[in-house]
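This is a predicted model, so every value here is computed, not measured.
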Amino acid sequence: MKRPWLYAAISLCELALLVYYFFRTGLAMTPGAVLGSFTWSPPHGVFDAARFSAVWGTSLSGALIAAIWLALAAGAGAAAVCALDWKAESRLEHFLISLGLGLGGLSLCVFALCVLHLLYPAAVLGLAVGLLAFNARRWRHLSPAKASWGWPSAEQEEPLALAAALGLALLAFHLIGALVPPSGFDEMDYQLSLPKLYQMNHGFVSTPFSHFSYMPKNINMLYLLGLVSGGPVVAKLFAWTLSLLATLALYAFSEKKLGRRGAGLAAFVFFFTPVIGNQFRAAAPDMGTAFFELVGLFLLLRWLPAREPRTLVLSAVFWGLALGSKYTAFPDFAACLLALAWFTRSEGVKPALKSLVPFAATAIVVLSPWLVKNWWETGNPFNPLLSTVITSKNFFFAGRYKATVDYTRGIGIPNYFPINTVQDLLFLPWRMVVSHNDYNHDLGPVWLLLVPLSVLSLKRKPSPWFTGALVFAGFYWFFWLCQSIHITRYFTGGMALASLAAGWLLDAVPERGRWRWALLLPVYLAWFQQSARMVVIQNVYKKPWGYLAGRASLGEYLQAVMTDCPYDAIEYINDTAPPGVRVLVFNEFRTFYLDRDFLASTPWDHDYWLEMIRQSSTPDELLAKLKARGVTYFLANDSFRRHQTGMTRADEWTADDLALERRLLPRVLKQVYRGGEGAWVALVKDRAS
């Protein structure tokens with residue numbers, strides 16, 4: 001073995017960095033801590049056979065429904081690929097592109113149903129039957145005739161065996177987290193709550209109380225499809241599947257360039273990063289957006305040397321689907337356009353524009369349904385972006401209009417990684433690894449270990465494809481730095497490209513010899529720590545085992561996960577309120593479990609209640625404003641803000657506002673229920689008293 005002193009030094013440096021990470025963050029995971037996180041929740045629950053059967057019956061039926069939709073989408077996408085006469089390099093690649101196109105088309109179909117207010121179960125069933133008939137005529141196009149799947153072979157990729165076994169176990173564990181009811185803040189506030197509101201109204205409704213409602217929602221349309229056809233289990237299984245597809249895309253499109261071992265290691269680095277893995281079990285759009293971005297980017301990299309027009313069209317379509325999924329794709333798309341201009345700069349301005357303009361135009365066309373919807377509703381196609389330039393109607397924060405420059409302060413998200421000096425910028429990667437180890441930022445220690453391992457790759461010459469990927473990653477990084485909110489979860493696409501570099505570095509470790517395990521063992525220890533971290537996060541914050549074991553009802557489960565959840569008050573409305581009522585929800589934003597039409601009056605967005613109080617001087621005026629909004633029930637939560645800030649109201653409420661409310665409220669509302677967690681329900685009176 002050559003250079004034993006170098007391998008020994010690298011291995012010792014890896015171990016030192018690993019120890020430093022555990023000391024600096026306090027996140028070393030012992031087997032006892034991991035096993036201790038497996039607890040029944042709530043602890044007083046008793047096994048109920050009927051409840052157990054209902055939970056797993058819902059889960060299995062949801063899995064079947066999700067599988068049917070995925071199969072229909074893959075078939076339709078395969079027909080589109082065949083019509084385009086585009087050839088993939090492997091069956092896995094063909095499958096990913098087909099499924100991505102199918103899911104994107106399915107999302108746009110649901111969008112059309114929402115616009116036409118035809119979102120009924122019969123229409124969704126008709127969509128499924130139509131896709132089935134379409135696929136039945138084109139079944140022979142589901143996969144190319146001559147292509148391999150491109151999976152790593154065990155005899156050639158021995159170092160990946162341990163990572164593969166750990167990855168499969170963790171993937172199954174993430175699946176368990178996807179089967180429990182939605183309990184995350186984002187899920188219950190807007191990711192699933194707004195689609196459920198569309199479901200109840202059979203299409204889009206104006207929701208100026210939520211600035212998130214104006215953002216593009218291709219992924220949320222798939223969640224809406226899941227809610228209509230099978231409930232939240234189907235929606236969360238869509239999220240789990242899209243997360244898996246993003247990981248597979250990273251492997252499939254780099255396997256020919258990095259080799260099976262390098263591509264596999266890159267995929268594992270991405271999958272084992274906690275901020276990535278934790279998204280598998282949450283109904284959020286980040287991983288689905290990253291999947292569309294990655295496919296679009298890799299297709300663009302394939303187009304660069306050959307300049308095949310159909311590849312550029314496919315890339316643009318996937319970028320359009322990404323732009324229609326979340327605004328975080330916009331800076332990535334800008335990075336993509338800038339990198340494309342960089343790679344075509346030697347051809348002259350006109351030849352470069354002949355590629356750049358159609359590419360951008362195609363992506364914008366795919367995005368355009370969301371731009372038109374925003375323009376129609378607010379007058380600003382990019383609302384809430386650019387609201388300082390384009391006046392946005394029906395867009396409020398805290399009962400009054402605020403410009404987008406106040407966006408961060410308005411929704412209460414701090415800048416986790418402020419860059420005020422050159423030193424802040426230079427040490428940003430270091431700060432991202434060793435600080436803010438939460439759901440949005442936890443990177444784990446393996447990224448630190450790549451620093452000494454990079455020495456092994458100093459004499460390796462990267463391929464032009466890999467160099468191009470790094471150029472794109474650099475532009476991603478630049479545009480992420482330009483954003484006002486540095487949340488690592490918003491950098492999912494960039495993390496995937498960084499994982500390519502990580503896989504390339506790890507691939508430089510010798511395949512054989514006594515030093516191989518000395519170099520790889522710290523990496524595997526880091527992966528085990530990161531996996532244990534994700535296990536503990538799920539067990540502590542999701543508490544799935546008591547619910548899945550039939551020991552806890554839905555209400556008991558939610559109460560165990562969120563101590564200030566007003567589920568009992570929500571359940572009271574669901575059980576007693578007649579269909580067709582509208583509920584004004586005040587000081588509470590987790591509205592997913594409310595089965596009645598609602599307006600949300602929150603300090604983050606449009607505070608309807610504060611606005612009505614300030615504009616009323618008599619009970620009759622306040623009652624008229626409630627009636628004008630169609631409000632018949634009032635649901636308030638006095639606990640949430642008290643737990644968060646120690647106050648019962650937002651800062652915008654003045655002493656005069658509170659005094660006026662105390663005078664008007666009992667003459668307009670009649671309290672009919674008081675929950676144990678500070679939540680209460682009131683009826684809007686027929687006439688002021």
For the atom pair CD1 (Ile219) and CZ (Phe238), what is the distance rounded to the nearest 0.5 Å?
10.5 Å
Tested for ring pair (Phe, Tyr, Trp, His ring centres under 6.0 Å) against His174, the lone hit among Phe280, Phe272, Trp240 is Phe280
Do Tyr541 and Ser183 make a side-chain contact, defined as non-hydrogen atoms from C-beta onward lying under 4.5 Å apart?
no
Thr311 side, atom OG1; Leu84 side, atom CG - distance, nearest 0.5 Å
8.0 Å
Answer yes or no: is there a side-chain heavy-atom contact under 4.5 Å between Asn220 and Tyr190?
no
Atom CG in Leu127, atom CG in Leu225: separation rounded to 0.5 Å?
7.0 Å
Considering residues at least two apart in sequence or located in another chain, which fulfil the salt bridge (Lys or Arg N to Asp or Glu O under 4.0 Å) criterion with Asp189?
none
Side chain to side chain, Trp527 and Val269, heavy atoms closer than 4.5 Å
yes
4.5 Å side-chain heavy-atom contact, Thr58 and Leu179:
no
Find out whether Asn574 and Leu594 are in side-chain contact, i.e. whether some heavy atom of one side chain is under 4.5 Å from a heavy atom of the other.
yes
Please determine if Lys543 forms a cation-pi arrangement with Tyr557, meaning its NZ or CZ atom is less than 6.0 Å from the six-membered ring centre and no more than 45° off the ring axis.
no
Regarding Trp303 and Ser315, do their side chains bring together a donor and an acceptor under 3.5 Å, going by distance alone?
no
Could you give me the CA-CA distance, side-chain angles and deciding distance for Asn383 and Trp375, then say whether side chain to side chain donor-acceptor pair (under 3.5 Å) is met?
CA-CA 8 Å; Asn383 192 58; Trp375 171 79; over 6 Å; no
Report yes if the distance between the aromatic ring centroids of Phe333 and Phe330 is under 6.0 Å, otherwise no.
no
Consider only side-chain N and O atoms of Arg281 and Gln538, and report whether a donor and an acceptor are under 3.5 Å apart.
yes
Without hydrogens or angle criteria, can the side chains of Thr273 and Gln530 be said to hold a donor-acceptor pair below 3.5 Å?
no
From Leu227 atom CG to Tyr198 atom OH, the distance as rounded to the nearest 0.5 Å:
12.5 Å
Would you please classify the geometry between the Phe292 ring and the Phe318 ring as parallel, tilted or perpendicular, with 30° and 60° separating the classes?
tilted
Got Arg590 and Ser193 here, is their nearest side-chain heavy-atom distance under 4.5 Å?
no
Within the structure provided, determine whether Lys373 and Val115 are in side-chain contact (heavy-atom separation under 4.5 Å).
no
Please tell me if the side chains of Asn374 and Glu377 come closer than 4.5 Å, counting only heavy atoms from C-beta onward.
no
Is there a side chain to side chain contact (heavy atoms under 4.5 Å, CB included) between Thr492 and Met495? Walk through the geometry before answering.
CA-CA 5 Å; Thr492 302; Met495 289 295 300; 5.5 Å; no
Can you list the steps and then say if Arg302 with Glu89 is a salt bridge (Lys or Arg N to Asp or Glu O under 4.0 Å)?
CA-CA 11 Å; Arg302 182 173 298 177; Glu89 293 183 351; 3.5 Å; yes
Atom pair OH/OG1 of Tyr251 and Thr247 - distance to nearest 0.5 Å
13.5 Å
Asp332 side chain to Trp319 side chain, donor-acceptor N/O pair below 3.5 angstrom:
no
Are Asp186 and Arg489 ion-paired here, with the side-chain N under 4.0 Å from a carboxylate O?
yes
